[in-house]
Colleague: 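Please read through the structure below; I'll follow up with questions.
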Protein chains: 2
Amino acid sequence: MDVRKRVGTNLRRLRSETGLSQERFALEHGFDRTYISGIERGARNPTIQVVQRIAEALEIDVMELFARPAE
Amino acid sequence: MDVRKRVGTNLRRLRSETGLSQERFALEHGFDRTYISGIERGARNPTIQVVQRIAEALEIDVMELFARPAE
DNA sequence: ATGTGACTTGTAGTCCGTT
DNA sequence: AAACGGACTACAAGTCACA
């Protein structure tokens, strides 16, 4: 499994669990909505600093975004 | 702690454990010698696909490179 | 509310070196 | 063996209009 899919899947699940839409999550944490969308779909190849910023927004350790998602 | 330092510190430890120099590690796995050096020092901000490729070269899960290093 | 193509600007990634 | 510099090209960062 590609790491982009991995991070994207984890982000989508964790972001959903906060109860926020992509739009509100992006707005409240200073991201562009379409950029978050692209990462969740695995269409983007973000740098580790971007992933770090997302982890901070989710209030989790960056490592969690790289966990292998359950099938 | 910055995520670049985290990945760099982990890479340096894990790469050293393989017994390979930066130069040989890079050569044998198709990386640029100076780029590996930069990542280990935390001076670079690699994309997640590059970190994935490094993890594959180390034969570990990419998640391990994001673990919080021991102090 | 999300997906997608297109776009500009900045920097990731590579290659040549020297210290 | 590793840190570091300069220059270059490929592509990520960040944004927008529209479906």
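Remember, predicted model here, so these are calculated numbers, not experimental data.
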Colleague: In whole Å, I'd like the distance from the CD1 atom of A:Ile39 to the C1' atom of D:dG14.
Modeller: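 Distance check: A:Ile39 CD1 to D:dG14 C1' gives 11 Å.
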Colleague: For C:dG3 and A:Gln22 - does any side-chain N or O of the residue sit under 4.0 Å from the phosphate oxygens OP1/OP2?
Modeller: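 Yes, such a contact exists.
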Colleague: Rounded to the Å, how far apart are A:Gln49 CD and C:dA12 P?
Modeller: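 It works out to 7 Å between those atoms.
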Colleague: Quickly work out the A:Ile36 CD1 to C:dA1 P distance and round it to whole Å.
Modeller: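 Interatomic distance, CD1 of A:Ile36 to P of C:dA1: 15 Å.
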Colleague: Has B:Arg15 got a side-chain atom pairing as donor or acceptor with B:Leu20's backbone, closer than 3.5 angstrom?
Modeller: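 Side chain of B:Arg15 to backbone of B:Leu20: a pair is present.
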Colleague: More 5' along DNA chain D: B:Arg15 or B:Thr47, using each one's nearest nucleotide?
Modeller: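 Between the two, 5'-proximity favours B:Arg15.
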Colleague: Could you grab the distance from atom CG of A:Asn10 to atom CG of A:Leu58, nearest 0.5 Å is fine?
Modeller: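 Separation between the atoms: 10.0 Å.
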Colleague: Starting from C1' on C:dT2, measure out to CZ on A:Arg12 and report it in whole angstrom.
Modeller: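 Rounding to the nearest Å, CZ of A:Arg12 and C1' of C:dT2 are 8 Å apart.
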Colleague: So, OP1 or OP2 of D:dG14: does either fall under 4.0 Å of a side-chain N or O from A:Arg53?
Modeller: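 For D:dG14, OP1/OP2 do have a side-chain N/O of A:Arg53 under 4.0 Å.
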Colleague: Taking any heavy-atom pair under 4.0 Å as a contact, classify A:Arg44: base, sugar-phosphate, or nothing.
Modeller: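 Result for A:Arg44 = base.
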Colleague: Out of C:dT2, D:dT15, D:dG14, which has the shortest distance to the side chain of A:Thr34?
Modeller: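 Closest of the options to the side chain of A:Thr34: D:dT15.
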Colleague: Choose from D:dA1, C:dA1, C:dG3 the nucleotide whose nearest atom is closest to any side-chain atom of B:Ser21.
Modeller: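 The listed nucleotide nearest to B:Ser21's side chain is D:dA1.
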Colleague: Nearest whole Å is fine: how far is C:dC7 C1' from A:Tyr35 OH?
Modeller: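 Computing the A:Tyr35:OH to C:dC7:C1' distance gives 15 Å.
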Colleague: Please tell me which of the listed nucleotides, D:dC4, C:dG3, D:dA1, lies nearest to the side chain of B:Arg41?
Modeller: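 Of D:dC4, C:dG3, D:dA1, D:dC4 is nearest to the side chain of B:Arg41.
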Colleague: How long is the line joining CZ of B:Phe31 and P of C:dT14, in whole Å?
Modeller: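 So the CZ-P distance, B:Phe31 to C:dT14, works out to 8 Å.
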Colleague: Is any side-chain heavy atom of B:Thr47 less than 4.5 Å from a side-chain heavy atom of B:Val51?
Modeller: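 Answer no - side chains too far apart.
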Colleague: Between A:Glu40 (CD) and C:dG3 (P), how many Å, whole number?
Modeller: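 Going from CD in A:Glu40 over to P in C:dG3 covers 7 Å.
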Colleague: Which pairs of donor and acceptor atoms, one on a side chain in residues 61-69 of chain B, lie under 3.5 Å apart (sequence neighbours left out)?
Modeller:
from    : atom 1 : to      : atom 2 : distance (Å)
B:Asp61 : OD1    : A:Arg6  : NH2    : 2.5
B:Asp61 : OD1    : B:Met63 : N      : 2.9
B:Asp61 : OD2    : A:Arg6  : NH2    : 3.0

Colleague: Would you say the side chain of B:Arg33 and the base of C:dG17 hold a donor-acceptor pair, judged only by whether the two atoms sit under 3.5 Å apart?
Modeller: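 Yes, the side chain and the base share a sub-3.5 Å donor-acceptor pair.
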Colleague: Give the rounded distance in Å between these two atoms: CG of A:Asp32 and C1' of C:dT2.
Modeller: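 Checked: the CG to C1' distance equals 12 Å.
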Colleague: Looking for any heavy atom pair under 4.0 Å, which part of the strands does B:Arg4 touch: base, sugar-phosphate only, or nothing?
Modeller: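 Counting heavy atoms under 4.0 Å across all strands, no contact is made by B:Arg4.
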Colleague: For A:Asn45, report the nucleic acid contact type (base, sugar-phosphate, nothing); a contact means any heavy atom under 4.0 Å.
Modeller: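 Result for A:Asn45 = sugar-phosphate.
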Colleague: Is there side-chain contact between A:Arg41 and A:Lys5, with heavy atoms separated by less than 4.5 Å?
Modeller: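 Side-chain contact under 4.5 Å: no.
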Colleague: Does C:dT2 have OP1 or OP2 sitting under 4.0 Å from an N or O in the side chain of A:Ser37?
Modeller: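 The answer is no; no side-chain N or O of A:Ser37 sits under 4.0 Å from OP1 or OP2.
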